[in-house]
Amino acid sequence: MRIATQEDIDGLRTASDPQISPDGADVAFVLATQDGDEAKSTIWAISTDGGEPRQLTAGQGSNTSARWSPDGKTLAFLSDRGKAQADAYVDDWQIKTLTAAKETQIYLLPSNGGEAVQLTSIRGGALNPRNLDPFAWSADGRSIAFLNTDQFTDEEKRRIEEKDDPIEFEQRPKYTRLYIVEVETGEVRCVSPERLQVWEFSWSPGNEEFAVVSSDLPFEGSWFTSCRLVAFSSQGERLRTLHESRRQVAMPAWSPDGKQVAFLSSNYSDRGAVNGGVFVVSSEGGAARELSAGHRASASYLVWSDDGSRLLTTATEQGGMSLAEIDVSSGERKSLWHELASISDATSFDSTGDRFPVTREDSSTPKDLWLVRREADGLEWTKLTRTNPQAAEFEVGATESVRWKSVDGMEIQGLLTRPVGASDKGPYPLMVTPHGGPTGGVTPHYGLSDPWYELLAKRVALFSPNFRGSTGFGLEFAEANIGDMGGLDWHDVNSGIDYLVEQGIADPERIGIGGGSYGGYMSAWAITQSTRFKAAVPRAGIYDWRAFHGKTYLNGWEVVHYGGKHSWEVLEVWEKFSPINHVDNVETPTLIIHGDLDLVCPVEGAYAF
């Protein structure tokens, strides 16, 4: 075995988004490759009986999100293979500019072979939301629902072309709306009510209604400050609110009888990263009921059982991932599988409901497709692909779970990856890598996919703490740093370093820190609070909360996550926890990495720091 080179890492192929056919014969999936600077995604399929994968799409462009029709005769997918449109827009915090861009449209491919046919030709294309299903077949297979964002009007384009284009901030909001396209005719109609932003949707069992995650305005910050669950008919009528609270909502799923809607909820920090608590509410509205109280896990996806009595959940749990059933009546959780590994969400089932595909990986095993079968005594796993057989040549570091007590006695968990080829117990130089979010977490991924692999190859250990505010430990833990970001969550990280030093694993004289986004904030905050770090690499971090509030695309999140409703309510705590206000304490050599056009974490704070 040998250390992997950057060329080896770039040569890895990535399988994702597995979808099983209704008859259970095949699994369609997306295969991503990298050729120099060119990234390419194609759709493949493999028999559930084994054998070699076969390629279904080819040519230029990106092809993703394959979804079987209910009868299994057709695969719908997204592709940007068409020509660039000169009048598309770039959505920069609703400040839109004309540009040439490719549009993603829905295509149909016969499952028995043949050429793909373009179904939609809507201006702006079919939207592909973050980590969500981009479209959904109706139960009868006659239509497909999808999202599309408003385009420039002819008048707006004329003004831009004539340079009559002052920015009128938030005065002409462009909504994302829900559309239905008829498969036979290609006819498209908008079905969502006016002045309603649709972030994600779920079709009712009879296709008569939609449950929708919505807000009154379409700005990214609106998802954090006015997110709610609503329902309306497939004709855009009978709009009603099902649930609204201080938390955001995600992943609505109708019960088989149409009487309830299950959903996820938490105080999130990133749309699309929505591991959280499990709730159900009547499809007519009313008080929502939490099913996950006391659960030490965070669900990322929900699927109802055929009889509506249980929910199958994919979840992050205690630094790994799990599959579990939750009884809808009692909230009792039955674990089906839990390992120190990472899997994709269980989203697609055959007609029996007993078989579903996922991708699976751990620190020593690259991502591949697996077929999971539910048995009376648990789950049976069958590996379907070997996407990167060359991985057998490469050395990776061994990852383990570690636990320690923080300054207030709370138990905290994290992942420790020892250097590549390490045969001793240490002490090693240590790189601390706080995760982003903060409502996120770390679970094991294949070693070569770690951006710090080169450090591991040079006998540096990695430490990734799941500090309070992380997912995978229940809703209460995920919300435990609200109003206190930079407080006890920082002490969780620092006490974890103390623990590794005490155990003889970390060399106290050779400790560095580096993370991105909230991990960038934590890295900058750490070097204002301690001189123990010999180097720091904050990436896309936050250095001044007040300045962040004024420019970020997420405007409002930084208010909510510091426990307020309005910015003036949290000014004092912003000042307390802004690294810029403690920069005179910094003695650590620091390399700041930041994108000049970053809209989430604007670069101004990095320049100031």
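This structure is a prediction, so every number in the text was calculated from the model and none was measured.
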Do the rings of [X] and [Y] sit parallel, tilted or perpendicular, given the 30° and 60° boundaries?
{"X": "Trp337", "Y": "Trp381", "value": "tilted"}
{"X": "Trp557", "Y": "Phe548", "value": "perpendicular"}
{"X": "Phe473", "Y": "Phe477", "value": "tilted"}

Whether the [X] and [Y] side chains hold a donor-acceptor pair (N or O, under 3.5 Å, no angle test) is what I'd like checked.
{"X": "Asp8", "Y": "Gln6", "result": "no"}
{"X": "Ser401", "Y": "Gln413", "result": "yes"}
{"X": "Asn585", "Y": "Thr528", "result": "no"}

Next on the checklist: Within 45 degrees of the ring normal and closer than 6.0 Å to the centroid, is that where the cationic atom of Arg546 sits relative to Trp574?
Outcome noted: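 No, Arg546 does not sit over the ring of Trp574.
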
Donor-acceptor contact below 3.5 Å, side chain [X] vs main chain [Y]:
{"X": "Tyr521", "Y": "Gly516", "value": "no"}
{"X": "Glu479", "Y": "Asn267", "value": "yes"}
{"X": "Tyr428", "Y": "Arg459", "value": "no"}
{"X": "Asp80", "Y": "Ser62", "value": "yes"}
{"X": "His338", "Y": "Gln318", "value": "no"}
{"X": "Thr471", "Y": "Gly440", "value": "yes"}
{"X": "Ser530", "Y": "Ile527", "value": "no"}
{"X": "Thr387", "Y": "Ala15", "value": "no"}
{"X": "Thr365", "Y": "Asp362", "value": "no"}
{"X": "Trp525", "Y": "Gly486", "value": "yes"}

Are [X] and [Y] close enough for a salt bridge, meaning some N to O gap below 4.0 Å?
{"X": "Lys551", "Y": "Asp544", "value": "no"}
{"X": "Arg468", "Y": "Asp484", "value": "no"}
{"X": "Arg333", "Y": "Glu317", "value": "yes"}

So, for [X] and [Y], which heavy atoms are closest and what is the spacing to 0.1 Å?
{"X": "Thr433", "Y": "Ser464", "answer": "OG1-OG, 2.7 Å"}
{"X": "Ser65", "Y": "Asn128", "answer": "OG-ND2, 4.0 Å"}
{"X": "Asp345", "Y": "Val358", "answer": "O-CG1, 4.3 Å"}
{"X": "His594", "Y": "Ala606", "answer": "ND1-CB, 3.6 Å"}
{"X": "Met522", "Y": "Ile513", "answer": "O-CD1, 4.4 Å"}

Using a cut-off of 6.0 Å, state whether more than 12 heavy atoms not belonging to [X] lie near its atom [atom1].
{"X": "Glu411", "atom1": "CD", "result": "yes"}
{"X": "Glu572", "atom1": "CD", "result": "no"}
{"X": "Arg386", "atom1": "CZ", "result": "no"}
{"X": "Lys576", "atom1": "NZ", "result": "no"}
{"X": "Glu575", "atom1": "CD", "result": "yes"}
{"X": "Glu400", "atom1": "CD", "result": "yes"}
{"X": "Lys458", "atom1": "NZ", "result": "no"}
{"X": "Glu395", "atom1": "CD", "result": "yes"}

Report yes if the side chains of [X] and [Y] come closer than 4.5 Å at any heavy-atom pair, otherwise no.
{"X": "Leu369", "Y": "Pro357", "answer": "no"}
{"X": "Phe279", "Y": "Arg247", "answer": "yes"}
{"X": "Thr399", "Y": "Leu462", "answer": "no"}
{"X": "Thr316", "Y": "Asn275", "answer": "yes"}
{"X": "Val278", "Y": "Leu311", "answer": "yes"}
{"X": "Val560", "Y": "Arg246", "answer": "no"}
{"X": "Leu302", "Y": "Leu264", "answer": "yes"}
{"X": "Phe29", "Y": "Ile46", "answer": "yes"}

What's the separation between atom [atom1] in [X] and atom [atom2] in [Y], rounded to the nearest 0.5 Å?
{"X": "Asp596", "Y": "Glu604", "atom1": "CG", "atom2": "CD", "result": "8.5 Å"}
{"X": "Asp507", "Y": "Leu500", "atom1": "CG", "atom2": "CG", "result": "12.0 Å"}
{"X": "Thr385", "Y": "Arg13", "atom1": "OG1", "atom2": "CZ", "result": "9.0 Å"}
{"X": "Met410", "Y": "Asp492", "atom1": "CE", "atom2": "CG", "result": "7.5 Å"}
{"X": "Arg532", "Y": "Asp498", "atom1": "CZ", "atom2": "CG", "result": "4.5 Å"}
{"X": "Thr313", "Y": "Met251", "atom1": "OG1", "atom2": "CE", "result": "12.5 Å"}

When the ring centroid of [X] is compared with that of [Y], is the distance short of 6.0 Å?
{"X": "His435", "Y": "Phe467", "result": "yes"}
{"X": "Trp545", "Y": "Phe577", "result": "no"}
{"X": "Phe463", "Y": "Trp404", "result": "yes"}

Next on the checklist: Go through it in stages, so that I can follow the logic: the residues are Val30 and Asn63, the test is side-chain contact (heavy atoms from CB on, under 4.5 Å), and I'd like the CA-CA distance, side-chain angles, deciding distance and then a yes or no.
Outcome noted: CA-CA 8 Å; Val30 176; Asn63 304 287; over 6 Å; no

